[in-house]
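Some notes on the structure that comes next.
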Amino acid sequence: MFQLEPIAALATAPGIGAIAVLRVSGEGAIDIANRIFQGKDLTTQGSHTAHFGTVRNTDGSIIDEVLVTVFRAPKSFTKEDVVEISCHGSEFIIQQILRRLTQEGARLARPGEFTQRAFLNGQFDLVQAEAVADLIASDSDASHRAALTQLRGGFSKQLKTLRQQLIDFVALVELELDFGEEDVEFAHRDKLRQLMLDIRRVLHPLLDSFSTGNAIKNGVSTVIVGKPNAGKSTLLNALLNEEKAIVSDIPGTTRDTIEDELFIDGIRFRLIDTAGLRQATDQIEAIGIERTQQKMRDASLVIYLFDGKNSSPDDLQTSIAEIRSSGKPYLLVGNKLDAITENERQTLETIAAEPIVWISAAKHSHLDTLKTSLSSRVRTDTAVQTGSAVVTNARHYEHLTGTDDALARAIAGLDVGVTPDWLAMDLRVALRHLGELTGEITTDDLLESIFSKFCIGK
Ligand code: GDP
């Protein structure tokens, strides 16, 4: 039985649920959990005991109330010291707790890593191990793809280009190592410094976006608009899975704008339900509509929801004209699919003459299609992208800081004229983290770059 360095990860399925469980495993896992936990001294608690308390930020503010379960080696899944933290199932809370854990010394687990440790400590037999190996392989592939797609658009491309340039420099520095005693300098130090500064300039806004304030402020502001009774509140509730908005049969009862967050494929959507787009009939409603228009002006994306059951062809045409004239990127969403016939659906589609995402908000059906449409719209439509990518993923945060720290060390090293081997070490660390961010493996690239460019031929 042996214990490896502490790792942490979400153990329950990602997404919004009532409860989420985070798992920390490895040497010092209990110490780490204890440093972010307030309520009891976890280090003195026995195995298989549960403790109620709070997880705190470094400034002492509460992130969440949690239930912590302590498992002492070897009586745990991994046979290492394990702490399981049950928190509320909000993506935001999960990411914040993971961030605290990494700040206190845990590393984010790679896909399948807990299982791998369990296997290393003899928790499985050979047949099981083979199945696990497959799982680990497929998981990490998926996570690499996810890493690529989550770092949206320009940032990912920019980082890739910069990373390639850094690889070229590392190859030159490595080449200097081969000439050991001869004191040669193939890698132009000023250019290398400039490149590292450039990379850090790209990293910093991404890093900033992870901080609490920005994570809440940024994201894709999304409004749900549509006529009264289209089902906007029902849709909002369905998406958020809770009774936040007031649903009612009386048109125009959603008088205030209600705002909430939704995470789809790592993208943060700020959802705003509104008073609807109809003409004002009384004063309170008029205030609501004023706000709707304001919100639409501020929003990056509009979900235009119409009632598939009670919309006449004329209604639909006017609505589409209205929403088009606003000039905002929008998704046309038809609700109450459960209450119409296939013929009625086709008629409305012909009239609309543009793609409609059909759902039934009340029956929670086809919400996945809507979610996919939302996230792919953000990824593909530059008009929706607010210009700043938002890091919502703790894994990305870890590799962003990893790159940044390594580059800071390398630059500091350049300033005092360190030897190429020290420089190469920091650069390699930076490359490894950058590779994790852009979904590429570094070592092979490095070798390829060295041999293709220099043909050392030794
Ligand atoms: P809002 O005014 O746009 O916010 O609409 P509400 O969400 O308050 O819904 C208006 C009415 O439509 C309510 O009676 C809902 O139960 C009903 N409704 C909402 N979604 C659906 C749906 O998918 N199918 C059916 N049949 N009725 C729905």
Side-chain angles (χ1 to χ4, degrees), residues 16 221-262 264 269-296 299 301-323 326 328 330-349 351-352 355-374:
I16 297 181
S221 60
T222 308
V223 283
I224 304 175
V225 296
K227 293 198 161 53
N229 272 339
K232 299 179 295 296
S233 310
T234 311
L235 174 60
L236 186 72
N237 285 341
L239 287 173
L240 299 174
N241 246 326
E242 60 181 43
E243 296 291 308
K244 192 126 202 168
I246 313 136
V247 186
S248 133
D249 281 331
I250 310 155
T253 39
T254 314
R255 296 217 149 112
D256 263 323
T257 56
I258 296 169
E259 200 173 317
D260 222 313
E261 293 182 333
L262 178 68
I264 304 170
F269 289 86
R270 287 171 40 220
L271 279 177
I272 303 149
D273 188 22
T274 69
L277 281 182
R278 63 163 192 168
Q279 295 299 306
T281 50
D282 70 310
Q283 223 178 353
I284 303 167
E285 187 65 14
I287 297 165
I289 286 170
E290 174 63 28
R291 284 200 202 152
T292 300
Q293 280 161 357
Q294 180 60 42
K295 290 283 181 191
M296 264 184 74
L301 181 61
V302 175
I303 297 175
Y304 187 86
L305 190 71
F306 70 92
D307 183 338
K309 184 163 177 273
N310 302 304
S311 296
S312 70
D314 274 357
D315 285 345
L316 185 57
Q317 263 171 340
T318 340
S319 299
I320 292 176
E322 207 175 335
I323 189 78
S326 78
K328 283 284 171 189
Y330 66 93
L331 280 184
L332 185 61
V333 182
N335 191 25
K336 311 195 184 179
L337 182 62
D338 60 289
I340 60 171
T341 64
E342 178 59 19
N343 268 345
E344 286 168 329
R345 189 181 68 84
Q346 278 174 7
T347 310
L348 287 169
E349 235 155 53
I351 291 157
I356 298 175
V357 181
W358 284 101
I359 60 164
S360 169
K363 300 260 187 287
H364 287 215
S365 60
H366 303 292
L367 293 183
D368 282 347
T369 317
L370 174 59
K371 287 183 184 175
T372 311
S373 307
L374 282 169

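When a ligand or atom number is given, it counts from 1 through the structure's own listing order.
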**Study point:** Contact check: Ala230 vs ligand 1, nitrogen or oxygen atoms, below 3.5 angstrom
**Key:** yes
Point to revise | Contact check: Gly231 vs ligand 1, nitrogen or oxygen atoms, below 3.5 angstrom | key: yes
Check your understanding: Below 4.0 Å from any atom of ligand 1, is there a heavy atom belonging to Gly226?
Key -> no
Study note, to complete from the structure: Nearest heavy atom to atom 1 (P) of ligand 1, choosing from Lys232, Lys336, His364, Lys309, belongs to Lys232
Check your understanding: Is a side-chain donor or acceptor of Lys232 paired with a backbone partner of Lys227 at a separation under 3.5 angstrom?
Key -> yes
Exercise for review: Let me know which of Leu332, Asp315, Ile351 forms a side-chain contact (heavy atoms from CB on, under 4.5 Å) with Ile320.
Suggested key: Leu332
Review point. Under 4.0 Å from ligand 1, counting heavy atoms only, is it the side chain of Asp338, its backbone, both or neither?
Key: side chain
Point to revise | Rounded distance [0.5 Å steps], CD1 in Ile356 versus CG in Leu316 | key: 6.0 Å
Practice item. Measure across Lys309 and Ala339 and return the closest heavy-atom pair with its distance rounded to 0.1 Å. Key: CD-CB, 3.2 Å
Practice item. Check each atom of ligand 1 against the heavy atoms of Ser360 and keep those under 4.0 Å away; list them by number with element. Key: 22 (C), 23 (O), 24 (N)
Check your understanding: With side chains defined as the heavy atoms from C-beta onward, is the minimum distance between His366 and Val357 less than 4.5 Å?
Key -> no
Check your understanding: Could you give the distance from OG1 (Thr341) to CG (Asn343), rounded to the nearest 0.5 Å?
Key -> 5.0 Å
Review point. Could an N or O of ligand 1 be found under 3.5 Å from any N or O of Ala361, whether backbone or side chain?
Key: yes
Study note, to complete from the structure: Per-atom filter on ligand 1: closer than 4.0 angstrom to a heavy atom of Ala362 are 20 (N), 21 (C), 22 (C), 23 (O), 24 (N), 28 (C)
Review point. When you look for heavy atoms under 4.0 Å from ligand 1, do you find them on the side chain of Asn335, its backbone, both, or neither?
Key: side chain
**Study point:** Side-chain heavy-atom pair Leu337, Arg345 within 4.5 angstrom cut-off
**Key:** yes
